[in-house]
Novice: 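Once you've had a glance at the structure underneath, I'll fire off some questions.
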Amino acid sequence: MRFALMELKMCLAQLLRQFIVLPDSIRISINSSRISQSSCSTYSPIPLIDPITVDIKTLAEDLSTCRYSSSDLVRWYLTRIDAVNQQGSHPLHAVIETNPDALEIANALDQERHINGSRSILHGIPILVKDNIATYDKMETTAGSLALFGSRVPRDAFIVQQLRKAGAIILGKASLSEWSNFKSENATRGGWSARGGLAYSAYVANGDPEGSSSGSAVATSAGLCAAALGTETYGSIVSPASRGNVVGLKPTVGLTSRSGVIPISHDHDTVGPLGRTVEDVALLLEVIQGVDSRDNATQQQGIIRHQNYTQFLLGIEGLRDLRLGVIRQGINITDERQNRVNEAIKLMSIHGATIIDPVNITIIDDDTLSKYIVSLASYNFRDDIINYLSELKNTTIRSLKDIIKFNIEHADKEFDLKYSPNQNTFISVENKTNMTINDYMKLYNKTRLIGGRNGIDAILAQYKLDGLIIPDIAHEITIFASFTGYPLIVVPLGFNKSNDEPYGLMFAGTAWSESMLLRIAHGFEQAFSVRNTVRPKYAEQNGYILQFLFKIIEFLKKYKLI
């Protein structure tokens, strides 16, 4: 039997080599026997998982049973990143940098697992973090800007510390819209940065991945990592998650720390997970949430935290007896998408949810709301960025004024005529002197009222709802959630028939309602599972061949032949 399996494995490897060119920096030999008693490495170029579909729980189970090692996982992901991120006919530019120590870290974690067992379910799992999240290692933290290239951070961001404690491997940095899309109000699409270039959708040729956490979403959807972290001020997690066919959670401001994260506004910024499943997102949230002495928002009164968020994932049964309201006002989507939304709502009703359709909200002009959030963020940004820059070493960049000057001096690299033509937002923020602290507080309180008591909370209370269903992410509820710091979650819903571009369904709730949103999202995901019905065509070379190989591997795994 062992000889037959060796022969099959060799044949699969030879077939795979016809379609994948391994990078020179990664030398992987075929060896089905264990290197030593403490090693689970297969040293095979064939991933024993389908990276497009595999979830964290499956990876953790395989690692615990020694089916393969974390070192194997890192090699497989690095090989994929090398093949489709910067090369090929449609490079994704979703990963701005990989961790040069990732393999060494994986080896150490493999040995630790053998000796002491796993620290957590994330032990040895490769995760990408957005390039505005500080890592105290050999990687850069730049927000995609050349102005911060070469600077050194004083420590890991708190959320990175949490990941490392859990045994996760920081595989690299995901690309983003430069300065989290706050540099220019004339930016025409998401995903461009001077350092990372232009990120693309893995599903649509030249497709806009949307939102500043674009690289985190694309990398997760394309199977370049197990999962990723993003940040959101307004729409920057939920929007790319919807466009990338992944699950994205924007946590309540204060549930996750922002210390060590390049800021926009301390009143509105939050850090959240992106994963291929709701469970992936819940598992990451368990690890990254926590009280941080460097972030006052995490210490406020009334925070509802859970060490175990997966306890709220009840599957389809979780929909039973829920009351959900559907937002229809201000929704502008195609009939095709509308029909898909209606199918999803009907299915949730069949599984026991009471659906109130529609629920009414107070409509406010979108342009006015957008101006409000920009005004609030602009007031905070100048001081927030000074505070962040003050702790950096090996840089002369200490203020927004310094950043503006750098961009002017390096205009040929820091601007793109089509995607990021200027820095008018930065200049406006630097020159703005007409807003006092009293002006800010008046506008802040006004927007909290608009988004909360008169907005999301008013709807929930009026109809006695557990959550809201929003058919389109580009809706003022997303701004309401930014005003109030309330949570949002997006789950894959479908694909446009014309080009297979994904879109998601969003659920909203009040402050600290992550447990309820995860329950709703998981129930919907299990009842209306669509993510794996369309594969990202630009996520791999010769995808159909690879998909066939992965099915063979899964068949062998099912019958415990590998």
Side-chain angles (χ1 to χ4, degrees), residues 54-65 109 113 116-127 129 157-169 220 226-230 237 241 246-257 270-292 295 297-322 466-467 485-491 507-527:
V54 70
D55 55 40
I56 290 175
K57 185 177 180 180
T58 298
L59 293 174
E61 289 174 348
D62 285 350
L63 290 171
S64 68
T65 57
L109 287 167
R113 179 188 293 106
N116 299 321
S118 296
R119 302 184 194 178
S120 77
I121 196 170
L122 291 185
H123 188 113
I125 302 294
I127 304 293
V129 300
F158 178 82
I159 53 174
V160 172
Q161 292 177 13
Q162 297 290 84
L163 286 172
R164 293 199 205 272
K165 286 178 184 176
I169 299 168
T220 302
L229 294 187
I237 289 176
V246 295
V247 180
L249 172 66
K250 178 219 171 191
T252 306
V253 173
L255 188 64
T256 57
S257 169
T270 187
V271 180
L274 296 100
R276 286 185 279 274
T277 67
V278 174
E279 185 177 44
D280 287 351
V281 162
L283 290 169
L284 275 173
L285 184 63
E286 290 175 358
V287 169
I288 65 173
Q289 65 86 30
V291 179
D292 177 16
D295 186 347
T298 66
Q299 304 170 45
Q300 61 187 292
Q301 297 295 317
I303 295 180
I304 300 173
R305 299 186 183 280
H306 298 280
Q307 299 303 313
N308 179 359
Y309 280 96
T310 54
Q311 66 179 306
F312 303 107
L313 308 185
L314 307 178
I316 295 173
E317 283 299 310
L319 294 172
R320 189 175 302 280
D321 299 326
L322 293 182
D466 296 298
Y486 286 3
L488 300 167
I489 192 167
V490 169
V491 183
F507 303 99
T510 190
W512 321 115
S513 63
E514 283 79 6
S515 57
M516 177 56 70
L517 292 185
L518 287 166
R519 173 182 169 179
I520 296 168
H522 191 248
F524 167 71
E525 175 192 59
Q526 299 302 304

Novice: For the pair Thr58 (side chain) and Val54 (backbone), establish whether a donor and an acceptor sit closer than 3.5 Å, ignoring hydrogens and angles.
Specialist: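 No: the side chain of Thr58 does not pair with the backbone of Val54.
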
Novice: Quick one: are Leu63 and Arg113 in side-chain contact, heavy atoms under 4.5 Å?
Specialist: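 Yes, close enough: below the 4.5 Å cut-off.
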
Novice: Give the minimum heavy-atom separation between Ala527 and Leu319, together with the two atoms involved.
Specialist: CB-CD1, 4.4 Å

Novice: Listing request: all salt bridge (Lys or Arg N to Asp or Glu O under 4.0 Å) pairs with a residue in residues 274-287, at least two apart in sequence or in separate chains.
Specialist: none

Novice: For Ser120, enumerate each residue passing the side-chain contact (heavy atoms from CB on, under 4.5 Å) test, keeping only those at least two apart in sequence or located in another chain.
Specialist: Leu122, Ala166

Novice: Under the salt bridge (charged side-chain N to carboxylate O under 4.0 Å, His left out) test, which residues partner Asp466, sequence neighbours left out?
Specialist: none

Novice: Can you see which heavy atom on Gln300 is nearest to which on Val253, and at what distance?
Specialist: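 Minimum heavy-atom contact is NE2-O, 3.6 Å.
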
Novice: Quick one: pull up CZ in Phe312 and CD in Glu514 and give me the separation to the nearest 0.5 Å.
Specialist: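 Here the interatomic distance stands at 10.5 Å.
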
Novice: Please walk me through it: do Leu163 and Val129 pass side chain to side chain contact (heavy atoms under 4.5 Å, CB included)?
Specialist: CA-CA 10 Å; Leu163 286 172; Val129 300; 4.2 Å; yes

Novice: Sequence neighbours left out, what passes side-chain contact (heavy atoms from CB on, under 4.5 Å) with Ser513? Give chain and number order.
Specialist: Pro487, Thr510, Leu517

Novice: For Tyr486, what residues pass the ring-ring contact (aromatic ring centres under 6.0 Å, His included) criterion, not counting sequence neighbours?
Specialist: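 Partners of Tyr486 by the ring-ring contact (aromatic ring centres under 6.0 Å, His included) criterion come out as none, since no residue qualifies.
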
Novice: Can you name the residues that form a side-chain contact (heavy atoms from CB on, under 4.5 Å) with Arg320, not counting sequence neighbours?
Specialist: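 side-chain contact (heavy atoms from CB on, under 4.5 Å) list for Arg320, sorted by chain: Glu317.
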
Novice: Tell me the closest heavy-atom pair linking Ile520 and Gly467, and the distance in Å.
Specialist: CD1-CA, 4.1 Å

Novice: In Å, rounded to the nearest 0.5 Å, how long is the span from CD1 of Ile121 to CG of Leu283?
Specialist: 4.5 Å

Novice: Using salt bridge (charged side-chain N to carboxylate O under 4.0 Å, His left out) as the criterion, list what pairs up with Arg305, not counting sequence neighbours.
Specialist: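 Arg305: no salt bridge (charged side-chain N to carboxylate O under 4.0 Å, His left out) contacts found.
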
Novice: Please check this pair: side chain of Arg519 against backbone of Gly318, looking for a donor-acceptor N/O pair closer than 3.5 Å.
Specialist: yes

Novice: Which heavy atom of Ile237 sits nearest a heavy atom of Gly272, and at what distance?
Specialist: CD1-N, 3.5 Å

Novice: Are the side chains of Ile125 and Ile169 in contact, using a 4.5 Å heavy-atom criterion?
Specialist: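 Side chain of Ile169 against side chain of Ile125, heavy atoms only: no contact under 4.5 Å found.
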
Novice: Would you compute the distance between atom OH of Tyr309 and atom CG of Leu255 and round it to the nearest 0.5 angstrom?
Specialist: 4.5 Å

Novice: Do any N or O atoms from the side chain of His522 and from the backbone of Gly315 form a donor-acceptor pair under 3.5 angstrom?
Specialist: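 Between the backbone of Gly315 and the side chain of His522 there is a qualifying donor-acceptor contact (under 3.5 Å).
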
Novice: Name all residues meeting the side-chain hydrogen bond (donor to acceptor under 3.5 Å, both in side chains) criterion together with Asp321; count only those two or more places apart in sequence or in a different chain, and write none if there are none.
Specialist: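 Not a single residue meets the side-chain hydrogen bond (donor to acceptor under 3.5 Å, both in side chains) criterion with Asp321.
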
Novice: Who pairs with Ile304 by side-chain contact (heavy atoms from CB on, under 4.5 Å), at least two apart in sequence or on another chain?
Specialist: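 Ile304 satisfies side-chain contact (heavy atoms from CB on, under 4.5 Å) with His306, Trp512 only.
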
Novice: Could you measure the distance from the CD atom of Glu525 to the CG atom of Leu313? Nearest 0.5 Å is fine.
Specialist: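 Result: 8.5 Å between the selected atoms.
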
Novice: With side-chain contact (heavy atoms from CB on, under 4.5 Å) as the test, pick out the partner of Val247 among Val281, Thr220, Leu274.
Specialist: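 So, applying the side-chain contact (heavy atoms from CB on, under 4.5 Å) to Val247 and each of Val281, Thr220, Leu274, only Val281 qualifies.
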
Novice: Carefully, step by step, assess Leu322 and Met516 under the rule side chain to side chain contact (heavy atoms under 4.5 Å, CB included).
Specialist: CA-CA 10 Å; Leu322 293 182; Met516 177 56 70; 3.8 Å; yes

Novice: Heavy atoms only: give me the nearest Ala226-Ile127 pair and the separation to one decimal.
Specialist: CB-CD1, 4.4 Å

Novice: Give the minimum heavy-atom separation between Gln299 and Val291, together with the two atoms involved.
Specialist: CG-CG1, 3.9 Å

Novice: Does Asp292 offer a backbone N or O that forms a donor-acceptor pair with the side chain of Thr298 under 3.5 Å?
Specialist: yes

Novice: Sequence neighbours left out, what passes side-chain hydrogen bond (donor to acceptor under 3.5 Å, both in side chains) with Thr270? Give chain and number order.
Specialist: none

Novice: What pairs with Arg164 under salt bridge (charged side-chain N to carboxylate O under 4.0 Å, His left out), at least two apart in sequence or on another chain?
Specialist: Asp137, Asp156

Novice: Do the side chain of Thr256 and the main chain of Val271 share a donor and acceptor less than 3.5 angstrom apart?
Specialist: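 Yes, because the side chain of Thr256 sits within donor-acceptor range (under 3.5 Å) of the backbone of Val271.
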
